[in-house]
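Before any comments, here is the structure.
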2 protein chains.
Amino acid sequence: MDKQAQTLKIKDFERRCRQSGLKLTPQRFAVYRALINTDAHPTAEAIYQEVRKEMPAISLDTVNRTLLTLTEIGSAFIVEGTGQPRRFDGGLEDHQHFLCIKCGKVIDFHHPPFDNIQLPQEIEGKFKVLRKTVYLEGLCEACQKKDTL
Amino acid sequence: MDKQAQTLKIKDFERRCRQSGLKLTPQRFAVYRALINTDAHPTAEAIYQEVRKEMPAISLDTVNRTLLTLTEIGSAFIVEGTGQPRRFDGGLEDHQHFLCIKCGKVIDFHHPPFDNIQLPQEIEGKFKVLRKTVYLEGLCEACQKKDTL
DNA sequence: CTCTGTGCAAACACTTTGCAGCTAA
DNA sequence: TTAGCTGCAAAGTGTTTGCACAGAG
């Protein structure tokens with residue numbers, strides 16, 4: 001990412017913080033900068049190691065909490081499914097998954113056009129793809145109702 | 001699932017076990033039956049609670065190990081991403097994820113046709129979809145090479 | 001009989017919580 | 001000034017490992 005794009009992102013981050021009434025602490029900037037300067041989809045631990053280089057006193061907890069805060073204001077995303085206990089699926093039939101981000105439930109749905117997605121040549125050539133699926137996240141019926149209570 | 005389909009699945013499971021030289025233990029049958037009799041995408045803990053009803057002496061470890069074994073012979077799947085430490089993504093640009101099941105690395109790719117997948121009315125009406133993406137799993141370039149060594 | 005699978009216990013890794021002092025606004 | 005943030009420590013949850021005995025083949 002070039003310097004220009006980075007500055008824009010940081011401005012956007014500041015705006016989101018202010019909108020949510022969050023304080024602009026040095027730790028938050030440092031964590032956010034570390035996050036947007038990598039495309040490795042880091043764990044909290046990895047960000048921690050990176051940030052410590054310039055801010056040795058920061059704690060892993062702060063990094064953890066900051067990252068969660070970032071996802072709440074939309075400045076970061078959690079890679080689908082990660083951070084949850086392992087869940088198993090014994091169905092061999094074609095289906096796709098919807099994860100409710102509130103109650104954590106995984107709901108199956110089946111939309112036949114999603115069963116055989118066409119991948120670009122670029123991917124097929126590079127990776128050995130063993131599984132391909134459409135993945136949705138959001139609020140399930142029950143949790144949408146809870147919201148309005 | 002009807003009785004017929006269940007029997008077929010269990011036959012298939014037996015076949016896979018034999019093919020891989022795995023013993024057909026009562027625990028394995030019990031775990032597999034519990035798994036295919038639910039569509040809740042259970043955690044190991046949930047399967048454990050279920051299996052204990054008919055086999056009180058089984059241990060959680062065995063359930064855990066059995067479930068992992070099932071995924072290895074293709075009789076079960078791990079719901080995408082679950083069971084791994086939380087990973088963050090600071091990119092707001094459209095992109096999709098490929099997970100290497102061997103080294104655990106998440107690799108971004110971007111195939112514009114995947115940016116705006118059309119969902120069926122059935123889903124849009126029922127859930128509040130906040131995120132939709134195509135998700136791939138398989139072996140990355142580096143790990144494919146390792147395989148042939 | 002043999003070797004894999006199981007149950008148990010301990011270790012480990014990741015995440016969450018509670019609290020006291022600090023700091024951005 | 002003060003509400004929110006940070007760092008530390010402890011507890012909680014989920015997963016892995018090592019080992020001795022049991023049971024499937």
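Numbered from 1 within each chain, the chains take letters A, B, ... in sequence-line order. As the structure is a computational prediction, the values presented were derived from the model and not from experiment.
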| query | Between B:Phe29 and B:Phe13, is a side chain to side chain contact (heavy atoms under 4.5 Å, CB included) present by the stated rule, with each step listed? | reply | CA-CA 9 Å; B:Phe29 280 113; B:Phe13 168 57; 4.1 Å; yes
| Length of the CZ-P vector between B:Arg28 and D:dA24, whole Å | 12 Å
| task | Nearest whole angstrom, please: distance from the C1' of D:dG7 to the CD1 of A:Ile58. | result | 10 Å
| Between B:Tyr48 (OH) and D:dG14 (P), how many Å, whole number? | 13 Å
| Distance-only side-chain donor-acceptor flag, B:His95 / B:Asp115, under 3.5 Å | no
| task | Using atom CG of A:Leu22 as one end and atom P of D:dG4 as the other, report the distance to the nearest whole Å. | result | 10 Å
| request: Among D:dT15, D:dC5, D:dG25, find the nucleotide with the atom closest to the side chain of B:Leu24. | output: D:dG25
| said: Within the 4.0 Å heavy-atom criterion, would you say B:Ala44 contacts the bases, only the backbone, or no part of the nucleic acid? | reply: nothing
| message | Under 4.5 Å between side-chain heavy atoms, counting indirect links through other Ile/Leu/Val/Met/Phe/Trp/Tyr residues: same cluster for A:Leu99 and B:Val129 or not? | response | no
| task | Return the value, rounded to whole Å, for the distance between atom CD1 of B:Ile47 and atom C1' of D:dG14. | result | 16 Å
| task | Kindly point out which of D:dC5, D:dT16, D:dT15 is positioned nearest to the side chain of B:Leu68? | result | D:dT16
| field | Degree of bending in the helix from C:dC1-D:dG25 to C:dA25-D:dT1 once both end axes are built from five pairs, to 10° | value | 40°
| field | Given D:dT6, D:dG18, D:dT16, the nucleotide with the shortest approach to the side chain of B:Asp61 | value | D:dT16
| task | Using a heavy-atom cut-off of under 4.0 Å over every strand shown, decide if A:Arg65 touches base, sugar-phosphate, or nothing. | result | base
| Mind checking which nucleotides bracket the chain B contacts on DNA chain C, 5' to 3', with an atom under 4.0 Å from a heavy atom? | C:dC3 to C:dT16
